[in-house]
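Step one of this worksheet: look at the structure below.
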Amino acid sequence: MLAQMRAATRNLMGSGPAAATEAIQQALSAAGLAPQAATTQAPPPQPMRDINPPPAPPPAQARAEAPQADAAPEAASVPPTPAQAAQEFAQDFMARLGVPAGLGQHSFDMPSFELPNFHPPGFNAPAATPAQIPAGAQFIDGVYRNHAGTRSYKLYIPSSYHGQAMPLIVMLHGCTQNPDDFAAGTQMNALAEEKECFVVYPAQTQGANSSRCWNWFNAIDQQRDQGEPSLIAGIARQVIDDYPVNEREVFVAGLSAGGAMAVIVGTLYPDLFAAVGVHSGLPFASAQDLPSALAAMKGGAMPNAQRKAPAGGVPIIVFHGDRDTTVNPRNGDELIAQGVRSQAGGKAAKADSIDGSVPNGHRYTRTTHSQADGSPLGEHWVIHGAGHAWSGGSNHGSYTDGKGPDASREMLRFFKTVS
C-alpha cells in the first residue's frame, strides 16, 4: 500500500490530482480498505467516530468561530458506502498535500507539496481558557535557540519551590494546541503543585508546521542533535542550567504528534530523559514521509524488523483509546512492544494485565511489563470507548476526555517508580 501511496505522490507531480486520486483508491482497494463493491446485501457498518470532540467554546466565541454548530446533528447523516469512503479518503489525502478541492490537472503548484501542509485530522482550534496560577507559583515564558532554529516555551514553577532540587517534566502538545491550552487540558500544573516538580511546555511554531504539529514524520527530525529533537532537548537542558533540577528525574511526555515526538526525543536522548509518556502517539520512526505518515496514522504502524529503536531505551507508559479514529490504536500496541524490546531485559519481560473502570467513566485494560526482579519496563493503558483525547483531562483545555483514567497522574506515578 505504501508503494502505491507514494505513486500517488508522483502522480501529483506528473499526471495531476485525478491520477493521484485513482492511485490512492487502488492502494486502498489492494489493502482491503475500500472494496470495489459490496459482497453482501447487509447495510454498511456505522463508521467509527471520535466520541470525544473538543469542548465547545463560550457562546459568543462559538458564534464567531464555529458557524457550523447550527448544522444538522451527525446522527442523522447516512453512513458512506465503501466507494464513498474511499473517495473521501483520497480527497482528504489530496487536501493534506496542499491541493485545493476541484483543482484542474494542470494547475498543481509544486511549492504546495511540503510536509508542513500535513494536518492530521481531528484537531480544531484550541480552547482559550486562561490558566489559574496559585499564589506564589509562576508560569513564565522562555526562548531557546540553536542551529536548528528557535522555539519558545512556558515553564511552570510551583509555589512549593524554594530552591530545592525537583523533577522536570517536558510536555509536548498536539496539533493546533499551545502551552497554555495543553497545560489547562492535562492539569499537569496542578499536579506539579502536589508532586513538587517543574513542568516545561515547548511550543511548536506555525512557520515549522502550519498546524503547529511536531514534525515526527520528517527524517531530519528523527536524528539526535538535529531538527526538533535538538530543540526540545536543548530546552530541557536550559531549564536544568537555570534551576536546580534533579537530573535523574527528567521525563518527556506528549499527545498525538507530541506523543510521537516524545518517543523520538526519549529514544535519542536516554542520557537526558529517564522515561517517556505517550498518549495517542506512534512508534519511533513509524514514518519517513507524508504517505507513510498517513498510512501509519490510519492503519497503524505494523511490526517492522527494520524499524528498530536504538538499544538502551528507557521505561515507557502508553495511553490509547480503542475508539481513536485519528491515530489507529494499533500504534499503541506496537509502541509498547517496541519500547519494551529496546530496554535491557526487555526480551524476557513479564506481562500482567488487569481490567478496571472509572466510576461513571470508561473501562480500561492496564498491562504492565517488568523484569524478573519486578523492575518496571513499561505500562500500556487501553481505554475502552475513548477516542483521540487526553484521558482524565479537564474541559478547560482542548482534546480531553474527563471520563478518565487520569493519564497525567498515572504518568507521574509511573515516572516516580522508574527514577
Side-chain angles (χ1 to χ4, degrees), residues 46-58 73-75 121-124 126-127 129 131-132 169 171-174 177 181-195 199 253-256 258-259 262 276-281 316-333 335-336 351-369 376 378-417:
Q46 290 284 345
M48 298 281 283
R49 298 186 186 277
D50 192 329
I51 63 173
N52 301 289
E74 183 178 302
F123 286 101
N124 297 309
T129 303
Q132 299 297 318
I169 317 296
M171 294 287 287
L172 302 178
H173 62 73
Q177 293 181 312
D181 176 46
F182 198 41
T186 61
Q187 293 289 282
M188 196 60 82
N189 291 352
L191 283 172
E193 288 287 334
E194 177 184 333
K195 303 296 183 181
V199 188
L255 169 67
S256 193
V276 177
V278 186
H279 204 310
S280 311
I316 184 169
I317 181 169
V318 176
F319 288 81
H320 216 117
D322 65 5
R323 293 290 301 276
D324 190 336
T325 58
T326 300
V327 176
N328 193 301
R330 290 194 195 114
N331 287 292
D333 299 335
L335 179 51
I336 190 66
D352 290 301
S353 294
I354 60 170
D355 293 325
S357 63
V358 175
N360 300 314
H362 291 307
R363 294 181 301 106
Y364 60 84
T365 299
R366 173 191 173 210
T367 302
T368 59
H369 301 264
E379 288 188 17
H380 185 200
W381 292 67
V382 177
I383 306 144
H384 305 299
H388 195 71
W390 189 274
S391 179
S394 166
N395 61 9
H396 289 120
S398 61
Y399 321 117
T400 61
D401 181 354
K403 294 181 180 179
D406 189 339
S408 297
R409 182 172 294 277
E410 294 297 339
M411 283 185 182
L412 292 190
R413 186 262 317 156
F414 177 78
F415 293 160
K416 193 67 176 177
T417 66

List for me each residue that meets side-chain contact (heavy atoms from CB on, under 4.5 Å) alongside E193, sequence neighbours excluded, and say none if there are none.
P134, A137, Y156, P158, S159
I383 side chain near K403 side chain, heavy-atom distance below 4.5 Å
no
Smallest heavy-atom separation, G281 atom then N331 atom, equals O-CB, 3.4 Å
Is the shortest side-chain heavy-atom distance between P329 and V382 below 4.5 Å?
no
Donor on one side chain, acceptor on other, H279 and S391, under 3.5 Å
no
Do the side chain of S280 and the main chain of H388 share a donor and acceptor less than 3.5 angstrom apart?
no
Taking every heavy atom of A351 against every heavy atom of T367, the minimum-distance pair comes out as CB-CG2, 4.3 Å
When rounded to the nearest 0.5 angstrom, what distance separates CE in M411 from OG1 in T186?
9.5 Å
Compare all side-chain heavy atoms of L412 with those of E194 and state whether any distance is below 4.5 angstrom.
no
Pairwise side-chain contact, H380 with L335, heavy-atom cut-off 4.5 Å (strictly under)
no
Donor-acceptor pair, Q177 side chain versus S398 backbone, under 3.5 Å?
yes
How far does CG of D322 sit from CZ of R363, to the nearest 0.5 angstrom?
8.0 Å
Rounded to the nearest 0.5 Å, what's the gap from CE on M188 to CD1 on I169? Could you check?
6.5 Å
Any side-chain heavy atom of Q187 within less than 4.5 Å of one from R409?
no
Closest approach of V276 to V278 (non-hydrogen atoms, all atoms of both residues)
CG1-CG2, 3.7 Å
Ignoring hydrogens, what is the shortest heavy-atom contact between L172 and A262? Give both atom names and the distance.
CD1-N, 3.7 Å
Walk me through it: do H173 and D181 pass the test side-chain contact (heavy atoms from CB on, under 4.5 Å)?
CA-CA 9 Å; H173 62 73; D181 176 46; over 6 Å; no
So does D352 have more than 12 non-hydrogen atoms from other groups sitting under 6.0 Å from CG?
yes
Test of understanding: with side-chain contact (heavy atoms from CB on, under 4.5 Å), list the residues that count as partners of D355, not counting sequence neighbours.
T365
Determine which pairs satisfy salt bridge (Lys or Arg N to Asp or Glu O under 4.0 Å) with at least one residue from residues 379-399, sequence neighbours left out, and list them in order.
R366-E379, E379-R413
Using 30° and 60° as the class boundaries, would you call the ring planes of Y364 and W381 parallel, tilted or perpendicular?
tilted
Looking only at heavy atoms, what is the nearest atom pair of T417 and F414, with distance?
OG1-O, 2.6 Å
Heavy-atom closest pair (H362 atom, D401 atom, distance to 0.1 Å) is NE2-OD2, 2.6 Å
Approximate separation, where rounding is to 0.5 Å, of F182 CZ and N189 CG:
11.0 Å
